[in-house]
Amino acid sequence: MNLEKVKIRRIIGPTPSGAAILLGNDRKTFVVFVGFYEAAALIREINHETPARPLTHELIQSIFLGFDVEVKKVIISSIIENTFCATLVLQQKIKDANEEWAGKRNEVRIDARPSDCLVLALKNNVDIFVTPEVFEQVQDVSKMTGELEGNIANMSLGDLEIDVRGGKPEGGPSIESEEDLPEDPLGEDGDDDDDEDEERKG
């Protein structure tokens, strides 16, 4: 499978309702919506900031380091019911009786939220990929950053439920002309509120 390599090109937000993460390459840029706390974690990584206390992603990273597990890459792997799904690819070196590398590796692929994968990709300086199926479905928004900034600032995530595969926005912005925001540029990460509540409490 020929995966498309992408980078985080921009983060619009965060606002209390969340943020828009622009992912892309020279061919196309698309948007994944994440919650406020996931966006804050991404911004901390980009700015090389360390929280006063370990949060969820720092805990996961410490577990990886403790068990000598490496993050190999992350993949935005599919879109299911208007929600982006991702795969976290991990590998661990197999050691012999002398605790030396035996020349083999175990690889594990874990279903995960794109927001978590993006944070871990930044923490470990690994590549972000998109499957061809996802890359073909999402719409290019590289020339529409201004409209996206206005939408994320003035609307809640619930108002921005837009089918990334060509459906019509429900409660989203009206389309006045070809220059305005297209009908289907945005996808949701599928974040729930559990992690937000956990980070607020701890």
Exercise for the section: Identify the two heavy atoms, one from Val74 and one from Cys117, that lie closest to each other, and give their separation to 0.1 Å. Expected result: CG1-O, 3.6 Å
Exercise for the section: Would you please test Leu90 and Val71 for side-chain contact (heavy atoms from CB on, under 4.5 Å) and show each step? Expected result: CA-CA 5 Å; Leu90 306 175; Val71 178; 3.8 Å; yes
Problem - Atom CG of Asn47: over 12 foreign heavy atoms under 6.0 Å - result: yes
Exercise for the section: Indicate yes or no: at least one non-hydrogen side-chain atom of Leu3 is less than 4.5 angstrom from one of Lys73. Expected result: yes
Exercise for the section: Could you pull out all residues at least two apart from Glu107 that satisfy salt bridge (charged side-chain N to carboxylate O under 4.0 Å, His left out)? Expected result: Lys72, Arg109
Practice task
Identify, with sequence neighbours excluded, every residue that meets side chain to side chain donor-acceptor pair (under 3.5 Å) alongside Gln91.
Solution key: Glu70
Exercise for the section: Applying side chain to side chain donor-acceptor pair (under 3.5 Å), name anything that partners Thr87, two or more places apart in sequence or on another chain. Expected result: Ser77
Fill in the blank from the handout: Separation between CG (Asp140) and CZ (Phe135), nearest 0.5 Å, reads 8.0 Å
Exercise for the section: Apply side chain to side chain contact (heavy atoms under 4.5 Å, CB included) to Ile63 and list each qualifying residue two or more places apart in sequence or on a separate chain. Expected result: Leu59, Phe67
Exercise for the section: Go through the structure and list residues passing side chain to side chain donor-acceptor pair (under 3.5 Å) with Asp127, not counting sequence neighbours. Expected result: Lys5
Handout entry: For Ala41 against His57, the heavy-atom pair lying closest together
Key = CB-ND1, 3.9 Å
Fill in the blank from the handout: Scanning both residues in full, the closest heavy-atom pair of Val141 with Phe30 reads CG2-CA, 4.0 Å
Practice task
Under the salt bridge (charged side-chain N to carboxylate O under 4.0 Å, His left out) rule, what do Arg113 and Glu38 come out as? Steps first, then yes or no, please.
Solution key: CA-CA 10 Å; Arg113 301 186 307 176; Glu38 291 77 15; 3.3 Å; yes
Problem - Those residues that, when tested against Glu136, pass salt bridge (charged side-chain N to carboxylate O under 4.0 Å, His left out) (two or more places apart) - result: Arg27
Handout entry: Partner set under side chain to side chain contact (heavy atoms under 4.5 Å, CB included) for Glu58, not counting sequence neighbours
Key = Glu45, Pro51, Pro54, Leu55, Lys123
Handout entry: side-chain contact (heavy atoms from CB on, under 4.5 Å) assessment of Ile46 paired with Ile11
Key = CA-CA 10 Å; Ile46 291 171; Ile11 297 177; 3.6 Å; yes
Exercise for the section: Measure the CG-CG distance between Asn124 and Leu88 for me, rounded to the nearest 0.5 Å. Expected result: 9.0 Å
Handout entry: Intermediate values then yes/no, side-chain contact (heavy atoms from CB on, under 4.5 Å), Ile8 and Leu122
Key = CA-CA 9 Å; Ile8 298 176; Leu122 292 179; 4.0 Å; yes
Completion exercise
Smallest heavy-atom separation, Leu118 atom then Ile128 atom, equals CD2-CD1, 3.6 Å
Handout entry: Counterpart residues, side chain to side chain contact (heavy atoms under 4.5 Å, CB included), relative to Ser78 (two or more places apart)
Key = Ile80, Cys85
Fill in the blank from the handout: Heavy-atom nearest pair, Phe84 first then Val134, reads CE2-CG1, 3.9 Å
Handout entry: Residue list, side chain to side chain contact (heavy atoms under 4.5 Å, CB included) with Leu65, at least two apart or on another chain
Key = Gln61
Practice task
Specify the closest pair of heavy atoms between Thr29 and Asn25, including all atoms of both residues, with the distance to one decimal.
Solution key: OG1-O, 4.3 Å
Handout entry: Trace of the side-chain contact (heavy atoms from CB on, under 4.5 Å) decision for Ile79 with Val138
Key = CA-CA 9 Å; Ile79 301 171; Val138 295; 4.1 Å; yes
Problem - Distance, nearest 0.5 Å, that separates CZ of Phe129 from CD1 of Ile76 - result: 11.5 Å
